[in-house]
Amino acid sequence: MKKESHVLVIFPHPDDEAFGVSGTIAAYTKKGIPVTYMCLTLGEMGRNLGNPPFATRESLPGIRKKELQNAAAEMGIQDLRMMGLRDKTIEFEDEEKLISMVTDAVEELQPSLVISFYPGYSVHPDHDATGRAVVASLGRIEASKRPVLQTVAFAHNTVEDLGEPDVVYDISEYLETKLATLKAHASQTQLMVGPWEEKLKEKDPEVMERLTKEKFWTYKWNK
């Protein structure tokens with residue numbers, strides 16, 4: 001893992017970071033590398049309300065805000081930025097507004113690495129819209145000064161179209177942090193984390209692969 005000066009993570013929903021990059025984030029923060037997490041929404045349209053339900057549609061935004069804060073603390077993130085956009089509407093936001101939001105953060109923080117979704121390969125419209133804004137913003141920076149963009153992608157045709165991931169981090173050392181981060185998002189993850197933990201005890205290869213390997217596609221600007 002390269003020594004970075006500052007890592008900027010940009011995702012639309014609370015828990016996006018937990019599933020795909022929480023081990024990687026923990027690896028950076030444990031090494032003293034500053035990580036800023038821009039979360040665009042509070043995930044107030046999330047389908048789950050806890051199991052058994054402990055949230056209502058009205059209370060969910062506040063609950064997910066606290067869950068996000070707890071998750072950030074688990075990962076060692078000290079700079080959490082909740083951008084206040086509305087869940088499931090990122091694709092309808094003014095594109096220049098989103099680009100400017102990213103650009104302002106990049107100009108302020110001067111990150112050496114940005115992590116977001118690969119547009120077109122991240123399934124959810126909010127994911128794709130976020131990735132597009134990040135790509136558009138960084139694409140306006142002179143190539144020699146542009147931070148590296150590592151992306152998360154999980155559409156069914158990702159490997160077919162993009163090839164194998166460019167970076168695969170074994171985050172076994174930070175597995176407990178990843179699990180704690182997932183658990184912090186309790187309203188959304190209660191049903192899945194328990195079974196995963198049981199399968200981890202059994203050394204289930206599929207679950208081991210899912211939880212200990214974090215995969216990234218480095219965005220290729222010459223395409």
Side-chain angles (χ1 to χ4, degrees), residues 1-40 68-85 96-119 121-122 127 130-153 162 164-178 180-181 184 212-223:
M1 182 174 284
K2 180 186 170 188
K3 173 74 174 177
E4 304 290 349
S5 60
H6 199 122
V7 178
L8 173 59
V9 180
I10 306 173
F11 289 131
H13 310 119
D15 78 19
D16 285 338
E17 87 296 331
F19 288 98
V21 304
S22 52
T24 299
I25 290 173
Y28 285 127
T29 62
K30 293 288 187 183
K31 293 176 174 65
I33 296 170
V35 176
T36 295
Y37 180 20
M38 288 176 61
C39 191
L40 302 190
L68 177 59
Q69 291 169 329
N70 291 341
E74 293 288 354
M75 292 179 286
I77 293 174
Q78 298 183 10
D79 185 10
L80 171 63
R81 304 186 182 191
M82 292 173 276
M83 307 308 294
L85 300 181
E96 284 300 322
K97 174 185 175 181
L98 294 176
I99 293 170
S100 293
M101 191 177 289
V102 176
T103 299
D104 288 347
V106 171
E107 290 179 349
E108 173 197 350
L109 300 169
Q110 295 294 303
S112 56
L113 173 66
V114 176
I115 296 174
S116 191
F117 284 118
Y118 200 116
Y121 294 91
S122 51
H127 296 175
T130 300
R132 284 195 302 271
V134 172
V135 168
S137 173
L138 299 186
R140 297 177 182 180
I141 300 173
E142 181 182 332
S144 62
K145 299 178 181 178
R146 183 187 299 141
V148 172
L149 174 57
Q150 287 184 345
T151 62
V152 176
L162 302 180
E164 296 293 335
D166 299 290
V167 178
V168 179
Y169 291 130
D170 184 335
I171 56 92
S172 300
E173 181 180 353
Y174 304 99
L175 178 57
E176 290 305 314
T177 298
K178 187 181 185 82
T181 303
T212 64
K213 301 294 194 304
E214 294 185 348
K215 303 174 182 180
F216 300 89
W217 282 260
T218 303
Y219 194 81
K220 309 300 193 298
W221 296 99
N222 58 351
K223 281 192 173 183

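Everything numeric in this text was worked out from a predicted model, so none of it was measured.
Taken from CG in L80 to CG in L68, the straight-line distance is 4.5 Å, to the nearest 0.5 Å. In this structure, the separation between SG on C39 and CG on D15 is 8.5 Å, given to the nearest 0.5 Å.
Listed by chain and number, the residues in a ring pair (Phe, Tyr, Trp, His ring centres under 6.0 Å) with F11 are F117 (sequence neighbours excluded). Every side-chain contact (heavy atoms from CB on, under 4.5 Å) that V148 has, sequence neighbours left out, goes to L113, Q150, T218. With sequence neighbours excluded, no residue forms a ring pair (Phe, Tyr, Trp, His ring centres under 6.0 Å) with F19. Shown here are the side-chain contact (heavy atoms from CB on, under 4.5 Å) partners of K213, two or more places apart in sequence or in another chain: V168, D170, E209, K215. The side-chain contact (heavy atoms from CB on, under 4.5 Å) search around P119 returns R132, V135, not counting sequence neighbours.
Counted within 6.0 Å of CD on Q110, heavy atoms from surrounding residues, nucleotides or ligands total more than 12; the atom is thus considered enclosed. Around NZ of K31, the count of heavy atoms belonging to other residues, nucleotides or ligands within 6.0 Å exceeds 12.
In summary, the aromatic rings of Y219 and W217 are positioned with their centroids too far apart to meet the 6.0 Å limit.
By the 30° and 60° cut-offs, the orientation of the rings of Y28 relative to Y169 is perpendicular.
A salt bridge links E96 to R140: one of the charged nitrogens lies within less than 4.0 Å of a carboxylate oxygen.
The two residues T29 and G76 make their nearest non-hydrogen contact at CG2-O, 3.6 Å. For M38 against A105, the heavy-atom pair with the smallest separation is SD-CB, 3.4 Å. Contact record, A133 with I99: O-CG1, 4.0 Å, taken as the closest heavy-atom pair.
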Query raised in the report: Could you walk me through whether F216 and T151 pass the side chain to side chain contact (heavy atoms under 4.5 Å, CB included) check?
Result: CA-CA 5 Å; F216 300 89; T151 62; over 6 Å; no

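Identified under the salt bridge (charged side-chain N to carboxylate O under 4.0 Å, His left out) test for residues 71-80, with sequence neighbours left out: D79-R81.
E176 has its side chain out of reach of Y174: every pair of non-hydrogen atoms, C-beta onward, lies at least 4.5 Å apart.
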